[in-house]
Amino acid sequence: MPTPFRSALAGLVLAAAVAMPALADGLKDEIAPTGKLRVAIAISPAGGAFWSTRTDAGYAGVPVDLGKVMAAQLGVPVEYVVHQNSGQITDAASKGTWDVTWLPKDPERETKMSFGPIYEVADATYIVKPGSSITSFAALDQPGIKVAAVNATTTMRGAIAHLKHAKVTGYQTYDEIFGLLKSGDIDAFALSRDQLNKMAQKIPGTKVLDETFKKTVTAVAVPLGHSQALAYVTKFMTEATANGMLRKAYDNNGLKDSPIRTE
């Protein structure tokens, strides 16, 4: 992270810690039972408001920055629990391995975790392989067409519901799908438009389709049954949106031109 951004984040952490009122009895025991705030993140070069990346210093991303500030407010160290995708974070929700996360929300996930405010709304579509003649959803949704998605994600479930004839296959990592698309071993990849537009710049000849098949919403979340934690993270995100903390996290992570979108 460049020095000016690191300094700005440090300022936000200090201001948040100073401004935080006395914590409710039992909150730390619920939201940081190990004495650390364990933040679940998913690693990928895709970028955006959900994905995080590895850096020489550790990790970077919107959830990384927000987790650091939240831990400072709570007065505990932060620990990042790394996963390959949001589906793995969801599967671990009942295992007690993480305390808070920021990830795409859908009805299935609401049975496994409790969500706070939405801070990102993204359009999901498809990118087609180099040289493909496909230019529309109708042309894509044909027998024999291979569509990839990150496994067990809201986008994958949306693509399966949307496509009646093409086959949707889940893969664990963005990097694996990137390679398959570049080599032409798959016909298309379902993901959010902003991330696919960046991918198109890296793989000449690919094309992002103009249509949208679903809106993907991203929000803060805690495991089910953590009512104090849910109240706290809801307040945290409401204040982060209002006081510019969330905007700063976007700007620190290459999203200066991306608006904060809520429902």
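Side-chain atoms are counted along with the backbone in the values below, which use heavy atoms only and exclude waters and symmetry mates.
Hydrophobic clustering (side-chain heavy atoms under 4.5 Å, transitive across Ile, Leu, Val, Met, Phe, Trp, Tyr) keeps V217 apart from V220. Placement of L230 and L74 within a single hydrophobic cluster is found when ILVMFWY residues are connected by side-chain heavy-atom separations under 4.5 Å, directly or transitively. Placement of M156 and Y171 in two distinct hydrophobic clusters is found when ILVMFWY residues are connected by side-chain heavy-atom separations under 4.5 Å, directly or transitively. Two different hydrophobic clusters hold W51 and L246 under the rule that ILVMFWY side chains link at heavy-atom gaps under 4.5 Å. Residues L191 and I134 are members of separate hydrophobic clusters, defined by side-chain heavy-atom contacts under 4.5 angstrom among Ile, Leu, Val, Met, Phe, Trp and Tyr.
The two residues P204 and K202 have their closest heavy-atom pair at CD-O, 3.5 Å. Residue A149 comes nearest to F189 through the heavy atom pair CA-CE1, 4.1 Å, listed as atom of the first residue, atom of the second, then distance. Closest approach of S258 and Y250 over heavy atoms only: O-CD2, 3.6 Å. Closest non-hydrogen pair, K112 versus A93, comes out as O-CB, 3.5 Å. Here the closest non-hydrogen pair linking D65 and N253 is OD2-ND2, 3.1 Å. Between A200 and T206, the shortest heavy-atom contact is CA-OG1, 3.3 Å.
A donor-acceptor pair under 3.5 Å is formed between the side chain of R193 and the backbone N or O of D210. Between the side chain of E30 and the backbone N or O of S227 there is at least one donor-acceptor pair closer than 3.5 Å. The main-chain N or O of V128 is never found under 3.5 Å from a side-chain atom of S132 such that the two would form a donor-acceptor pair. Listed for the D141 side chain is a donor-acceptor partner under 3.5 Å among the backbone atoms of A166.
The number of heavy-atom neighbours closer than 6.0 Å to NZ of K146, taken from other residues, nucleotides and ligands shown, is 12 or below. More than 12 heavy atoms of other residues, nucleotides or ligands lie within 6.0 Å of NZ in K198, so this atom counts as buried by the packing criterion.
Ring geometry for H162 versus F213: interplanar angle under 30°, hence parallel rather than tilted (30 to 60°).
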**Item:** Derivation of the side chain to side chain contact (heavy atoms under 4.5 Å, CB included) call for T173 and F178
**Value:** CA-CA 9 Å; T173 69; F178 183 99; over 6 Å; no

**Asked** When you look at I203 and L181, which way does the side chain to side chain contact (heavy atoms under 4.5 Å, CB included) test go after all the steps?
**Response** CA-CA 8 Å; I203 309 178; L181 186 75; 4.0 Å; yes

**Asked** Is there a side chain to side chain contact (heavy atoms under 4.5 Å, CB included) between W102 and E120 once you walk through the steps?
**Response** CA-CA 10 Å; W102 286 263; E120 169 74 0; over 6 Å; no

**Message:** Determine whether T125 and V208 satisfy the following criterion, side chain to side chain contact (heavy atoms under 4.5 Å, CB included), listing intermediate values before the conclusion.
**Reply:** CA-CA 7 Å; T125 186; V208 179; 3.7 Å; yes

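Put simply, the side chain of T90 reaches to within 4.5 Å of the side chain of M113, judged on heavy atoms. L163 is not listed as a side-chain neighbour of I145, based on a closest heavy-atom distance of 4.5 Å or more. Counting only heavy atoms from C-beta outward, the side chains of S86 and V150 never approach each other to under 4.5 Å. When side chains are defined from C-beta on, P143 does not count as touching K164, because their heavy atoms never get closer than 4.5 Å. Contact annotation: the side chain of Y119 never approaches that of R261 to less than 4.5 Å [non-hydrogen atoms, C-beta and beyond]. Looking at heavy atoms from C-beta onward, V39 lies in side-chain contact with V78 at the 4.5 angstrom threshold. A heavy-atom distance below 4.5 Å is not found between the side chains of S192 and T216. The closest side-chain heavy-atom distance from D106 to R157 is below 4.5 Å.
Checking Y174 against Q195 by side-chain atom types alone, no donor-acceptor pair falls below 3.5 Å. Between T154 and R109, the side chains place no donor N or O within less than 3.5 Å of an acceptor N or O (distance only, hydrogens not considered).
Ion pairing of R247 with D251 is present here, as a side-chain N (NZ or NE/NH1/NH2) and a carboxylate O approach within less than 4.0 Å. A salt bridge links D123 with K215; the closest basic N to acidic carboxylate O contact falls under 4.0 Å.
Aromatic ring centres of F137 and Y126: separated by under 6.0 Å.
A distance of 4.5 Å separates CZ in R54 from OH in Y59, rounded to the nearest 0.5 Å. Rounding to the nearest 0.5 angstrom, the gap separating the CG atom in D29 from the CD1 atom in I31 is 11.5 Å. Atom-to-atom distance recorded for I160:CD1 and K167:NZ is 11.0 Å, nearest 0.5 angstrom.
Partners of T101 according to the side-chain contact (heavy atoms from CB on, under 4.5 Å) rule, which considers only residues two or more places apart in sequence or in another chain, are A40, I89, W98, L103, A221. Taking the salt bridge (Lys or Arg N to Asp or Glu O under 4.0 Å) definition, one finds that K129 meets it with D187, sequence neighbours left out.
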